[in-house]
Amino acid sequence: MDTTEEPTYGSQFNPGDMAWVLASTALVWLMIPGIGYFYSGLARSKNALSMIMSAFLCLVVVSVQWFIWGYSLAFSDTASPFIGNVKHAFFRDVLGEPSPGSDNIPAIVFCVYQGMFACLTPALAIGSAAERARLLPMIIFIFIWSTIVYDVLACWTWNPNGWSFKLGGLDFAGGTPVHIASGFSSLAYALILGKRTGKGSISQEHDFKPHNMSNVVLGTALLWFGWFGFNGGSALSGSLRAGMACIVTNLAASVGAITWMILDYRIDRKFSALGFCSGAISGLVAITPAAGFVGPGPAVAIGFFGGVFCNLASHMKEWLRYDDALDVFAVHGVGGYVGCIFTGVFAESYIAALDGTEIPGGWMNQNWVQVGYQFADATAGASWSFFITYLILFVMDKIPGLSLRVSQEVELQGLDVAEFGEQAYAYHINKIVTVDPETGEQKVVREEVSEVPQNHEQQHAAQGSVA
């Protein structure tokens, strides 16, 4: 009689911790449509649907990449200090073993939670390419970028074998792999693509203002809501430390929103909704690497400095003449870098000890070298993200069929119609534009409000009426 028993999984794990991480997974998932709506509102109406769908395409493409080899490259237990291997490709042996992040949750729960981070990060990065990037090359880029940029930085930062992890760098929820990576990659994308047609022309500058602030506010609300799972869930337990991470997350976002609004009011004498939303997100970005290492007092300082530095960085594109369409570099790149450095200043050992984790702390604990570790981690992540992204896009743009930018005609028409054949709104304002052949200067001759066909039958009818 065979007495061999199948292994029993789950008995050694904490059900409460598993439940919190799974709930946090859903919260982080919600951030993906959040960033889609946020970017959609900032773009022009003829590109609104394309921004929402681009975020969802990141979700599906990276979910497949994470299954094939992404998780294994980031978190295999036999990884090198630089990157993992394919030991867990296709989720092989990813089930009931203790996770790389905590012995209290199984690997499969940790895997799906970290997968949402991997899906969100390229959705942030592609914002700088808004309104002028071709869809098919973008999809291919997302897969490649996730493999050789995001997975590499995730291994450095969170894998126990990663060089930054071993060095002693502190990054609770993704200052480097998520925000610095997306921000500096977005800068490379913007530089490769060049400016949008008409951007920089004084006569057309009003055309590039956000078309729907309701979408921007809705996107901000979804992001803020999801960030409780993003930062709080990174404790990987339903612990005091998770509660503190949620407290400091909300506090830094609030201070960032107030700070940005005040800075904008000083110039425009208006309480800007866009300033509120940008400031809240800058505070959320800045607190991300520090969320599990700092208390409420330092969170106020981090939210304030995040708002100030990101606000200043948002004006850099005018001085340096690049077109980061949605300020991804200013908010995520600069905010992530600032947050990483200030984590080294304000990290305290007693906060980490709320769930039993031991760290030497930062300057608050007289551990003066910690800022050096943070600087090394942030700078290495920024450099890798920018140069590797630039190289990927430069090579892709030279391959026939993979040119990155749409034609000028498609750009003027809008990506909703050109790439998706559908639009976000039932009505659209068509502008009749003349272009000076010598200078390229555009001038709006006439504006017409037209009804947009919402299905294929209506589209064929519209084409027949034109004919």
Side-chain angles (χ1 to χ4, degrees), residues 20-21 23-24 27-28 31 101 113 117 120 157-158 169-180 220-221 223-260 276-310 331-332 334-365 367 370-371 374 377-378:
W20 170 237
V21 175
S24 296
L27 290 173
V28 179
M31 295 173 70
Y113 177 64
F117 283 63
L120 174 67
T157 306
W158 290 321
L170 300 176
D171 192 338
F172 189 67
T176 297
V178 176
H179 297 300
I180 289 177
T220 302
L223 286 167
W224 196 329
F225 183 68
W227 228 292
F228 289 108
F230 193 85
N231 286 355
S234 292
L236 302 178
S237 63
S239 61
L240 284 173
R241 194 181 186 194
M244 181 62 78
C246 290
I247 286 288
V248 299
T249 296
N250 191 65
L251 193 55
S254 301
V255 173
I258 294 169
T259 301
W260 196 303
F276 173 91
C277 294
S278 299
I281 293 176
S282 69
L284 290 165
V285 169
I287 198 62
T288 293
F293 303 116
V294 302
V300 171
I302 291 173
F304 171 76
F305 286 116
V308 169
F309 282 103
C310 292
V331 174
H332 294 276
V334 173
Y337 200 98
V338 167
C340 241
I341 301 303
F342 279 105
T343 299
V345 175
F346 293 117
E348 295 187 80
S349 56
Y350 90 93
I351 297 293
L354 292 174
D355 68 354
T357 301
E358 295 182 3
I359 63 167
W363 284 7
M364 299 285 281
N365 294 128
N367 181 30
Q370 190 62 50
V371 168
Q374 300 301 115
D377 175 78

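The first residue in the sequence is number 1, and the count goes up from there.
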To check you understand the geometry: which heavy-atom pair defines the closest contact between [X] and [Y], and what is its length?
X	Y	answer
C340	A378	CB-CB, 4.0 Å
A286	G306	CB-CA, 4.0 Å
P296	I247	CG-CG2, 4.4 Å
A280	W224	CB-CZ3, 3.8 Å
W158	F172	NE1-O, 4.1 Å
T343	A290	OG1-CB, 3.2 Å

How many angstroms lie between atom [atom1] of [X] and atom [atom2] of [Y], to the nearest 0.5 angstrom?
X	Y	atom1	atom2	result
L284	H332	CG	NE2	9.5 Å
M244	D355	CE	CG	12.0 Å
I359	Y350	CD1	OH	11.5 Å
T357	I351	OG1	CD1	12.0 Å
S349	L354	OG	CG	10.0 Å
R241	L236	CZ	CG	9.0 Å

### Side-chain heavy atoms of P298 within contact of E348, under 4.5 Å
yes
Main-chain N/O of [Y] paired with [X] side-chain donor or acceptor, under 3.5 Å:
X	Y	result
W20	G232	yes
Q370	W363	no
N365	N367	no

### Message
Once side chain to side chain contact (heavy atoms under 4.5 Å, CB included) is applied, do any residues pair with V308, and if so which ones, sequence neighbours excluded?
### Response
T259, L263, F304, L312
### Message
Whether the T157 and D171 side chains hold a donor-acceptor pair (N or O, under 3.5 Å, no angle test) is what I'd like checked.
### Response
no
### Task
Just say parallel, tilted or perpendicular for the rings of F346 and F342, cut-offs at 30° and 60°.
parallel
### Query
Among T288, N250, T249, which residue meets the side-chain hydrogen bond (donor to acceptor under 3.5 Å, both in side chains) test with W227?
T288
## Note on the structure
Test ring pair (Phe, Tyr, Trp, His ring centres under 6.0 Å), reference F230, set Y113, F117, F225, output is F117
